[in-house]
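Read through the structure below, which is laid out as structure tokens, and then see the notes.
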There are 2 protein chains.
Amino acid sequence: MDNKKAKLRRRRHRRARSTVSPGADLGHLRDLVGYAIRRAQIVVFRHFRKSFAAHKIRPIQYGVLTVVGANPGLKQSEVCTALGIKRANFVGILNELERRRLIERRSAKDQRVNALYLTRAGKSLIERLRQINKAHEREVAAGLTSNERVRLIKMLNRISKATYADL
Amino acid sequence: MDNKKAKLRRRRHRRARSTVSPGADLGHLRDLVGYAIRRAQIVVFRHFRKSFAAHKIRPIQYGVLTVVGANPGLKQSEVCTALGIKRANFVGILNELERRRLIERRSAKDQRVNALYLTRAGKSLIERLRQINKAHEREVAAGLTSNERVRLIKMLNRISKATYADL
DNA sequence: TATTGTTATACTCTATAACTATA
DNA sequence: TATAGTTATAGAGTATAACAATA
């Protein structure tokens, strides 16, 4: 049913095409910070996953290993706050890292708390991951000058800092 | 078991705290483009959802309505390419928008193809959404000058454009 | 009572394979 | 054969509620 259009088509390509996505006019989407962030995030995370595939490390795992490495003895809840993870969701992430002998839970003075430490293997791995990450970062930011890269991060952090408490 | 640490702790707060997340040292994460993007995306999307909550519109739905509005008669697969959605995942998104009478599928000359059009209600809604989006964009970019905002988007688009075909 | 970690659960987003109807 | 849309399914990521152990 509905065989009377298909002549209404034929009108496309009127505006300049997006530099990000070919095939159709994105309208004002290409002028939005949020849309630019979303597209960049997809590309960067895809690149990250491929870069770390050999070590089976996802971005969140790299974050946890990095933060615990920089803060030995950190509590689970503190890692969650630092990285913006819900503590309920952190349990599974941590279970896998512990199963792989990269992180240890140790009970603390406060028996409710688990203090987290990288194992020897975890410390060794994070050093290698750090090198991979340097290459990853270089490639992701290949289109930016060093100054631009720093300014980009600062601008993004200014956006992140805002709390929008009223909404 | 394991009651002999908790004195190893007490060492935190050694480096400058992150401007994004309080509570622990993020290590080098705060110097990474990918991490800055991730944090900004979370904040921006949360703000978006709250801004559009009254209309029950998610970012992806706003994208579809905008692209179809700017390209009447676009095929489903073309919308998918433009927005980076898998066509399998687009079916459900479109079903809901059609159920809400905002978009119509019309069969095209090629009977395999669905051409997409905003309904009258869809056109009316997208105009109102556009106004909400302007306020949303203004608030998200409140910490940036107009020039910075434009440069931020251009830098993010440069990152998105890269294909990393070798990885 | 409040906090930490945990379990269970649900919803969204993303990804792949296989089916159908059309070309 | 190939393409457009669809279905089914699985995996992450994210969110909330409720529980046990401990403070």
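Numbers restart at 1 for each chain; the letters A, B, ... are given by sequence-line order, proteins then strands. Quick caveat: nothing in here was measured; it's all calculated off a predicted structure. All heavy atoms count here, side chains included; hydrogens, waters and symmetry mates do not.
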Q: Give a yes or no answer on whether the side chain of Ser51(A) reaches the backbone of His47(A) with a donor-acceptor pair at less than 3.5 Å.
A: yes

Q. Could you state the NZ-C1' distance from Lys109(A) to dT4(C), rounded to the nearest angstrom?
A. 16 Å

**Q.** N/O donor-acceptor pair, side chain Asn89(B) with base dA15(C), under 3.5 angstrom
**A.** yes

Q. Out of Ile57(A), Val67(A), Ile132(A), which one pairs with Tyr62(A) under the side-chain contact (heavy atoms from CB on, under 4.5 Å) rule?
A. Ile57(A)

Q. For Arg49(A) and dG11(D), is the shortest distance between a side-chain N/O and OP1 or OP2 below 4.0 Å?
A. no

Q: In whole angstrom, give the distance that lies between atom CZ of Phe90(A) and atom P of dA8(C).
A: 19 Å

Q.
Taking 4.0 Å as the cut-off, does a side-chain nitrogen or oxygen of Arg58(B) come that near to OP1 or OP2 on dC13(C)?
A. yes

Q: Name the closest nucleotide to the Gln76(A) side chain, picking from dT14(D), dG5(C), dA8(D).
A: dG5(C)

Q: Taking only the side-chain nitrogens and oxygens of Ser77(B), find out if one of them lies under 4.0 Å from OP1 or OP2 of dG5(D).
A: yes

Q) Once you round it to whole Å, what is the distance between C1' of dA10(C) and NZ of Lys86(A)? A) 15 Å

Q: Could you state the atom-to-atom distance from CD1 of Ile85(A) to P of dA15(D) in whole Å?
A: 11 Å

Q) What's the CG-C1' distance between Asn114(A) and dT22(D), to the nearest Å? A) 12 Å

**Q.** Arg58(B)/Glu96(B) under salt bridge (charged side-chain N to carboxylate O under 4.0 Å, His left out): CA gap, chis, key distance, verdict
**A.** CA-CA 12 Å; Arg58(B) 286 165 291 144; Glu96(B) 192 193 332; 3.3 Å; yes

Q: Check the pair Glu148(B) / Arg158(A) against salt bridge (charged side-chain N to carboxylate O under 4.0 Å, His left out), numbers first and verdict last.
A: CA-CA 11 Å; Glu148(B) 283 178 328; Arg158(A) 258 184 276 159; 3.0 Å; yes

Q.
Using whole Å, what does the distance between atom P of nucleotide dC13(C) and atom OH of Tyr62(B) come to?
A. 17 Å

Q: Quickly work out the Ile93(B) CD1 to dT6(D) C1' distance and round it to whole Å.
A: 14 Å

Q. Quick one: do the Arg105(A) and Asn95(A) side chains pair a donor with an acceptor below 3.5 Å?
A. yes

(Q) Tell me whether Thr66(A) contacts the main-chain N or O of Gly27(B) through its side chain, where contact means a donor paired with an acceptor under 3.5 Å. (A) no

Q.
Measuring from the side chain of Val91(A) (C-beta onward, heavy atoms only), which nucleotide among dT7(C), dG5(D), dA17(C) has the closest atom?
A. dT7(C)

Q: For the side chain of Gln111(B), starting at C-beta, report the closest nucleotide among dA15(D), dT22(C), dA17(C).
A: dT22(C)

**Q.** Closest to side chain of Arg46(B), choosing from dA15(D), dG5(D), dG5(C)
**A.** dA15(D)

(Q) What's the closest nucleotide to the side chain of Arg87(B) if the choices are dA15(C), dT6(C), dA18(C)? (A) dA18(C)

Q) Counting side-chain heavy atoms from C-beta on, which of dA4(D), dG5(C), dA12(D) comes nearest to Arg112(B)? A) dA4(D)

Q | Out of dT7(C), dT7(D), dT14(D), whichever nucleotide has its closest atom nearest the side chain of Ala88(A) | A | dT7(C)

Q: Consider the side chain of Asp110(A), meaning its heavy atoms from C-beta on, and name the nucleotide among dT7(D), dT16(D), dA23(D) that approaches it most closely.
A: dA23(D)

Q) dC11(C) P sits how many Å from Lys56(B) NZ, rounded? A) 14 Å

**Q.** Selected nucleotide, minimal atom distance to Lys75(B) side chain, candidates dT7(D), dG5(C), dG5(D)
**A.** dG5(D)

